[in-house]
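Small disclaimer: the values here were computed from a predicted structure and weren't measured.
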Amino acid sequence: MKPFHIDKIRADFPILCTQVHNKPLVYLDNGATTQKPIQVIQAITDYYTNMNSNVHRGVHHLSQISTDAFEVTRRKVQEFIHAAYDHEIIITKGTTESINMVSNCYGKAFVNEGDEIIITAMEHHSNIVPWQMLCEEKKAVLKVIPMLENGELDLEAYRTLLSERTKMVTFNYVSNALGTINPAKEMIAEAHRYGAVVLVDAAQAIQHIAIDVQDLDVDFLVFSGHKMYGPTGVGVLYGREDLLNAMPPYQGGGDMIKEVTLEKTTYNELPFKFEAGTPNIEAGICLTQAIDYINDIGLDAIRAHEEELVEYATIELGKIEGMRFIGTAKEKSSVVSFLIDGTHPYDVGVLLDKMGIAVRTGHHCAQPIMDYYGIPGTIRASFALYNSKEDVDALVKGVTRAANMLR
């Protein structure tokens, strides 16, 4: 494992020097989006300064260098998640578009009336709504893997839901609201026993856990750049070559075509079949720097550091009177969600902001989780590689003060 130098890492993120309400920023909303290192920021500036041009269709110099840089990112992602081929990497706007692409393309082509799709009770809305829409359109059946009180999935119940009618299983690798790490490899293997196709939402895992799509044997995997220290507006759909080839395109337009006549259009090869129109070129190119940054530090070192922070935060927050943790799974990553008796999470969040501490409050786009626990929402502190124990100490002090003011 590489050595972990927190002071050096923090120096790479200029925004961490920001003052909020005349207090030093303590940024603990990384589950929503991560901050960007100077290497990514400089890459964005360099793109617009030195290579701004459209990609794939130009023969002039700027188009050539932009295209080359954009395709470097595709290969970088392939290596990062250990895909077999770079054409299995589709560049999208983000996790949500990637999920919708699969539900629209694979779902509409291969899901039929009476087929069953399995999701979990802990999904982000982005991995619930598209499947509800598909089931309504195709008259398919949506089934839900229930949760246990500690925030883990009921795997015994999952096994009883699987059958020969199961067409698709989709779940998050890490819960954005609870931090639960789901046993992805085991769940994929169970689904494949029945011939089901599996999509894993890795939006909250890709920046914390090393992922090998071939070892997982996953069919589709999706994630966003902005949650892994990269720009907004760029994400990834990984799909197995045979499945992507069998799927119809998502949108029609430039770059996804091979030949167009007024009578008929033939479609481009992978990956371009699914990349209609001008992409977010700057974000696509600069995702490379974010991946390089993670690789330079090492995901093993990052995970060890963040696990230490979660453990420390759980111990220290647990000393506060009236503390109630939501989500206490044995395997967790990067998230501590909690409530304080006698307070509303929104009120605590507002007071923390006045102290310079950024957390997320509410249902975190995971309302079924909140309904399960019978609560309006939680206070969520989510950690990244640049957070420190000093950040946790500031959080504990801030929550204590806010609780005393509100009770």
Under a 4.0 Å N-O cut-off, is there an ion pair linking Glu316 with Lys389?
-> no

Do the ring planes of Tyr229 and Phe13 sit parallel (below 30°), tilted (30 to 60°) or perpendicular (above 60°)?
-> perpendicular

Can we say Arg74 and Glu275 salt-bridge, meaning some charged N sits less than 4.0 Å from an Asp/Glu carboxylate O?
-> yes

Compute whether any side-chain donor of one residue and acceptor of the other, for Thr180 and Ser175, lie under 3.5 angstrom apart.
-> no

Mind checking whether His56 and Phe70 have parallel, tilted or perpendicular rings, split at 30° and 60°?
-> perpendicular

Does a donor on one side chain and an acceptor on the other come within less than 3.5 Å for Asp12 and Tyr293?
-> yes

Met168 and Val102: CA distance, side-chain angles, deciding distance, side-chain contact (heavy atoms from CB on, under 4.5 Å) verdict | CA-CA 10 Å; Met168 169 79 71; Val102 176; 4.0 Å; yes

Look at the side chain of Tyr106 and the backbone N and O of Met101, then say whether any donor-acceptor pair between them is shorter than 3.5 Å.
-> no

NZ/NE/NH1/NH2 to OD/OE distance under 4.0 Å, Lys330 and Glu152 | no

Lys/Arg N to Asp/Glu carboxylate O, Glu71 vs Arg75, below 4.0 Å = no

With a 3.5 Å cut-off and no angle check, do the side chains of Asn30 and Tyr386 form a donor-acceptor pair?
-> yes

Glu306 side chain to Leu385 main-chain N or O, any donor-acceptor pair under 3.5 Å?
-> yes

Pair Asp217-His192, side-chain donor/acceptor within less than 3.5 Å | yes

Using modelled atom types only, decide if a donor and an acceptor are shared between the side chain of Asn387 and the backbone of Tyr27 within a distance under 3.5 Å.
-> yes

Between Tyr85 and His87, how do the two ring planes meet: parallel, tilted or perpendicular, split at 30° and 60°?
-> parallel

Verify whether one side chain among Asn52 and Tyr47 offers a donor that lies under 3.5 Å from an acceptor in the other.
-> yes

pair Leu62-Ile65: side-chain heavy atoms closer than 4.5 Å | yes

